[in-house]
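This report refers to the structure that appears directly beneath it.
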Amino acid sequence: MRWSGQQVLDDGVGAEAALPGLRGLLRSVRTPEFAGAVFHEVEAKSVLNRVPGSSPMPFRWTVNPYRGCSHACVYCLAGPTRVLLADGRTRPIAELRVGDAVMGTELVDGQRRYVRTTVRAHWSTTKPAHRLRLAGGSELVASGEHRFLTDQGWRHVSGGWCRSGRRPRLRTGSALLGPGPAAMVGWQRRPHTAAYRQGYLCGLVRGDGLGADGERCFPSEHLELEALGRAHHFLAEAAQHVVELPSAVPVPVGAGEPGRIPAPTPRGGIAPITDVVRWPEQPGDDWCAGFLAGTVDARGSVVRGELRVRHAGEEIAGRAASALHRLGFRFAVEADHGSGPGSSAGRTVRLLGGSAALLRLLQVVDPAVSRHRDVGGAAVTGGTALVVESVQPLGVEMPMYDITTGTGDFVAEGVVSHNCFARNTHTYLDLDAGADFDSQIVVKVNVARVLERELRSAKWAREPVAMGTNTDPYQRAEGRYRLMPGVIGALARSGTPFSLLTKGTVLTRDLPQLAAAAADVPVGLGVSIALVDRSLQHRLEPGTPSPAARLDLVRRITDAGLSCGVMVAPVLPLLSDSVEALDTLLAQVKQAGANGASVLALHLRPGTREWFLAWLAREYPKLVAPYARLYRRGAYVDPEYRRALGERVAPLLRRHGLSGAATTVRGQGWPAARAPTVETPSGEQLSLL
């Protein structure tokens, strides 16, 4: 596995990278995707770990593909920043959701091209803002750590240092890459006026194909359902009552035609469409936009981001060219002599300007057929409008958002934008004992292969295996290493029940595999959601998916036919433990589809205690003394507080129907005693934040 821009360290040597005594180390890697973190790729000898007999955990076996956690990130872009979706539309980054299809890029034969990708995770926090002004007049607001793609490679918004040295930054004159701001008009469906509807029907009907005998007919077999559906809707509006499309309406051929189509013999409620394809005497912008949309839906094709419209009739090609000219697009009209038996000569109208022109056309014209909205395969280029004019700190903090995509990048405000994974200085790594090294992530790259071998042992009794109880198996690094599909497959094939507890929305990627596994073995799924107060969440856990994203993860799990429990942990004394706060959270948990919930108070183990109390002193200094009293006995909160919290929570759980911990989907033939669970004993907390 190789990441773009990675730096491989020599056997882990170096002050930041050294992990003394780390066995099985293959290499240590720094990569811009996770600035400030070092990944130690190891080959583990054993991955199926037995929980000590003295442990209060309700399970005896666990698997941890990672030691350490990469859940922190530096958040990138202001909420209104428009992100290019895979269908050519745009959406503010704050409104994106896990699973949304967006446009990313990848190198193909040495050329960077646009490709379709999906959002795997979504986060937000508050960061110092910078304004980036471009020569074309567009502006972007981003954090200083965010990176954009230039003709010289990836560049940060502001200067600074990372562990690999001084980071490259944007400067005046830097040339960004992307389709440009003209392609990122805030997408709203073009108003389908009467003129647009008539233009669309004219372009669709006249542009539709040739029959076997050379006579045009509508609709032909190749016309797609999306276009037919829109045509049906437009005909219904024109006739002011529901109509049915004719199965084959003859279309007259010849340059001298008067522009009317004879009505078919009425049958079964079919309405005449004699007037919908009349050429207007003075076509306006709306008619031209509709005509182009209909013509594209009938005769268009998009290859590597270039739109072509081919038609055997010269008049249709001429009308399309005229419409493009009126709406301000550049084009070329080429003679097409046809190829292959039965093909006819004609004209091809080719849109010029690459992906930027196609995206703008989608905004202006709005074709119905989705395949005409795909800019995938187009080359990533730049332009004079994307030259940086200035980068200025705004002197204020603003809400910032970041997403993880399958390609590691996305298009924001017309420029290629990088996923940011830099580690926050206030992020706690919930590591195994003896491995509490900040930003040192151990990756067991052979975890699936070793687990498969261990599960084949004659001594293995197929006891439940719990994951996510120490480090999150779906932390953001999983989006790169993809270790969990192999782990899930090995457990399911061996007949081993298992459970997963996570706060990482990367789990959505594996939902089909988890649903398939649940048909064979009991599968328990749990999501950790500590609170829904956005202001508190921004300050307390900036490096994890937002509460909304995690609630959406619960919905996706239940929509996939799986049960899901929620771990409401940690409850923060005097901050998130009021009846109102807990009632609001549990109501949203139930609304998301959860089958059960466990509510646990904050547990301050060594390492966590120092980090949390330092945060508390900065954010809520008046609570330092009360916390000292509540945690005077050590890691666990005062027993009296735990009792009072339990009395407060019990009626809320009953009210919202969350008293049960129904977190297991039972496979066939497995006794209930083997069902895994994400429940923990009273007072025990599996992980912090």
Side-chain angles (χ1 to χ4, degrees), residues 32-35 70-86 89-104 117-132 138-149 154 156-158 178 181 184 186-187 393-394 396-424 426-427 475-476 479 503-506 508 529 531-553 689:
E33 280 83 354
F34 292 81
S70 60
H71 258 311
C73 75
V74 169
Y75 298 85
C76 306
L77 299 168
T81 303
R82 294 166 296 187
V83 174
L84 179 63
L85 304 182
R89 297 176 170 90
T90 63
R91 185 176 301 160
I93 190 171
E95 298 177 12
L96 288 176
R97 294 293 180 265
V98 172
D100 286 344
V102 299
M103 195 59 65
T117 186
T118 56
V119 176
R120 294 181 175 176
H122 184 269
W123 306 275
S124 65
T125 192
T126 301
K127 300 292 293 183
H130 294 68
R131 176 181 288 118
L132 180 67
S138 60
E139 297 182 352
L140 300 95
V141 176
S143 67
E145 297 88 349
H146 185 58
R147 287 182 294 158
F148 294 101
L149 184 61
W154 294 103
H156 292 265
V157 170
S158 65
M184 303 295 290
W187 194 91
L394 296 180
V396 296
E397 292 191 345
M398 295 176 58
M400 296 284 175
Y401 296 82
D402 188 23
I403 60 175
T404 299
T405 68
T407 59
D409 61 7
F410 55 98
V411 178
E413 294 295 341
V415 296
V416 180
S417 178
H418 203 286
N419 288 353
C420 288
F421 295 99
R423 180 164 300 286
N424 259 315
H426 299 307
T427 299
Q475 56 183 279
R476 284 189 306 281
K503 49 185 166 282
T505 52
V506 180
T508 56
I529 306 176
L531 67 168
V532 292
D533 184 320
R534 293 292 287 152
S535 175
L536 181 57
Q537 192 266 343
H538 279 320
R539 297 194 298 274
L540 184 62
E541 47 176 20
T544 59
S546 67
R550 284 186 251 179
L551 288 166
D552 186 59
L553 173 60
L689 310 181

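Just so you know, these numbers come straight off a predicted model, no measurement behind them. Side chains included, hydrogens not; waters and symmetry mates left out as well; all remaining heavy atoms used.
- Relative ring orientation between Trp154 and His418 is described as perpendicular, the plane-to-plane angle rising above 60° on a 0-90° scale split at 30° and 60°.
- Of all non-hydrogen atoms in His130 and Ser158, the two that sit nearest each other are NE2-CB, 3.9 Å.
- Note that NE2 of His156 is 10.0 Å distant from OG of Ser143, once rounded to the nearest 0.5 Å.
- Put simply, the side chain of Leu96 does not reach to within 4.5 Å of the side chain of Phe410, judged on heavy atoms.
- At a threshold of 4.5 Å between non-hydrogen side-chain atoms, the residues Asp409 and Leu149 do not count as touching.
- Note: Ile93 CD1 to Met400 CE = 10.5 Å, rounded to the nearest 0.5 Å.
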Could you give me the CA-CA distance, side-chain angles and deciding distance for Thr508 and Leu553, then say whether side chain to side chain contact (heavy atoms under 4.5 Å, CB included) is met? CA-CA 7 Å; Thr508 56; Leu553 173 60; 3.4 Å; yes

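- The line from OG of Ser417 to CZ of Arg147 is 9.5 Å long, rounded to the nearest 0.5 Å.
- Scanning all heavy atoms of the two residues, the minimum distance from Ala412 to Leu140 falls at O-CD2, 3.8 Å.
- At distances below 3.5 Å, at least one donor-acceptor pair connects side-chain atoms of Glu413 with backbone N or O atoms of Arg82.
- Distance check, rounded to the nearest 0.5 Å: CZ of Arg97 to CZ of Arg91 gives 9.0 Å.
- Considering Thr118, Asp100, Val119 in turn, Val119 is the only one that fulfils the side chain to side chain contact (heavy atoms under 4.5 Å, CB included) rule with Ile403.
- Minimum interatomic distance between Glu397 and Pro128 (heavy atoms only, all atoms of both residues): CG-N, 3.9 Å.
- Remark: Thr117 engages Val102, Thr405, Thr407 in a side-chain contact (heavy atoms from CB on, under 4.5 Å) (not counting sequence neighbours).
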